[in-house]
Amino acid sequence: MTHNDIALLFLHGFPFSPEMWAPQREAFEAQGFRVVAPDLRLETSPATMDAMADKAIEALDAAAGRAAKAVVVGFSMGGYVAFSLLERYGDRVAGLALADTRAEADSEEGKAGRRALAANALEQGPQAAVDAMLHKLLSPKTADRRPDVQREAERIMLSAPPSAIAAAALGMAARPDRTASLGGIRVPTLVIVGEDDAITPPDVAGKMADAIPGAELRVVPEAGHLSNLERPELFNEALSAWLSKL
């Protein structure tokens with residue numbers, strides 16, 4: 001498989017935007033890949049993972065043609081969207097990279113937290129998401145050594161429309177559990193996780209990788225949930241090494 005055969009379809013997390021993929025866009029476009037990083041933010045509530053998958057495919061069609069296949073790289077919420085995309089558009093998926101994400105649905109407590117965040121975002125704006133989430137997203141090492149990463153993450157989060165934050169939160173609360181379908185995944189799969197990820201910890205990532213036939217697991221040292229921004233050079237190395245084997 002050559003770089004011209006496939007696109008890289010990067011699916012961002014919550015409450016972020018395609019801007020979170022800037023280090024990956026720069027690195028992989030320099031390698032000759034066609035990078036597609038759609039904005040998955042929707043303001044129709046709830047913004048379901050299926051609706052986001054449809055939007056991602058529309059972006060892939062526009063950028064690379066209706067027959068184009070992609071390696072889908074989904075971070076956190078983008079991983080949930082990737083599962084939906086694989087189910088709905090499996091013939092378009094050449095490979096799957098699941099970064100700092102999980103297959104399980106939210107617990108009842110988790111769903112309640114999503115609903116509360118949705119309400120708070122509509123009332124208080126994107127600062128509600130920053131207050132609720134930012135401290136959980138980064139490794140303590142990042143917060144100490146790379147305050148620029150924290151500032152960039154906060155900047156992107158604050159750019160999110162409150163209605164889109166609420167819609168995505170409610171959509172994630174309603175997403176299905178994908179655990180039972182992991183064994184049926186038949187495309188090459190990479191699971192990447194930050195060593196210090198407190199939201200989707202390495203043991204969760206490891207169990208997911210074990211359940212997917214032939215999946216590889218890569219742990220990014222000294223990174224939390226935002227592994228692609230905290231240690232972009234290591235994240236990119238892991239993704240590039242795996243892509244070279246496809």
Quick one: closest heavy-atom pair of [X] and [Y], and the distance?
X	Y	result
Ala68	Arg92	O-NE, 2.7 Å
Ala168	Phe14	CB-CD1, 3.6 Å
Val149	Leu229	CG2-O, 3.8 Å
Gly171	Pro46	N-CB, 3.7 Å
Ala209	Ala215	O-CB, 3.5 Å
Leu9	Ala56	CD1-O, 4.1 Å

Go through it in stages, so that I can follow the logic: the residues are Thr142 and Asp144, the test is side chain to side chain contact (heavy atoms under 4.5 Å, CB included), and I'd like the CA-CA distance, side-chain angles, deciding distance and then a yes or no. CA-CA 5 Å; Thr142 302; Asp144 288 343; over 6 Å; no

Under a 4.0 Å N-O cut-off, is there an ion pair linking [X] with [Y]?
X	Y	value
Arg88	Asp54	yes
Arg155	Glu19	yes
Lys111	Glu108	yes
Lys136	Asp197	no

[atom1] of [X] to [atom2] of [Y]: how many Å apart, nearest 0.5 Å?
X	Y	atom1	atom2	result
Glu216	Ile192	CD	CD1	10.0 Å
Leu226	Met133	CG	CE	8.5 Å
Leu239	Asn228	CG	CG	10.0 Å
Leu40	Met49	CG	CE	9.0 Å
Ser76	His225	OG	NE2	3.0 Å
Phe16	Trp21	CZ	CH2	11.0 Å

Apply the test side chain to side chain contact (heavy atoms under 4.5 Å, CB included) to residues Leu243 and Phe33: give CA-CA distance (whole Å), side-chain angles for both, the deciding distance (0.1 Å), then the verdict. CA-CA 11 Å; Leu243 286 169; Phe33 284 100; 4.0 Å; yes

Among Ile185, Val72, Val81, find the residue that satisfies the side-chain contact (heavy atoms from CB on, under 4.5 Å) test when tested with Leu86.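 Exactly one pass, corresponding to Ile185.
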
As a quick check of understanding, evaluate salt bridge (charged side-chain N to carboxylate O under 4.0 Å, His left out) for Lys141 and Glu230, giving each step before the final call. CA-CA 9 Å; Lys141 302 178 186 74; Glu230 293 176 76; over 6 Å; no

Decide yes or no on side chain to side chain contact (heavy atoms under 4.5 Å, CB included) for Val36 and Leu8, but give the supporting numbers first. CA-CA 6 Å; Val36 183; Leu8 298 182; over 6 Å; no

Note, [X] side chain near [Y] side chain (heavy atom, < 4.5 Å):
X	Y	result
Pro147	Glu152	no
Met77	His12	yes
Leu11	Pro38	yes

So, Asp50 versus Thr48: side-chain donor-acceptor pair below 3.5 Å or not?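 No, no side-chain donor-acceptor contact under 3.5 Å.
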
Under 3.5 Å side-chain donor-acceptor pair for Asp39 and Ser17: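 Per modelled atom types, Asp39 and Ser17 side chains form no pair under 3.5 Å.
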
Does Gln124 have more than 12 heavy atoms from other residues, nucleotides or ligands lying within 6.0 Å of its CD?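 Yes, the 6.0 Å shell around CD holds more than 12 heavy atoms from other groups.
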
Are Arg178 and Phe83 in a cation-pi setup, meaning NZ or CZ lies under 6.0 angstrom from the ring centre and within 45 degrees of the ring axis?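 Geometry flag: not set, cation outside 6.0 Å or 45°.
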
Run the side chain to side chain contact (heavy atoms under 4.5 Å, CB included) check on Asp106 and Arg114 step by step: do they pass? CA-CA 9 Å; Asp106 285 342; Arg114 303 266 197 211; 2.7 Å; yes

Using the salt bridge (Lys or Arg N to Asp or Glu O under 4.0 Å) criterion, which residues pair with Arg231? Sequence neighbours excluded.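 Partners of Arg231 under the salt bridge (Lys or Arg N to Asp or Glu O under 4.0 Å) test: Glu222, Glu233.
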
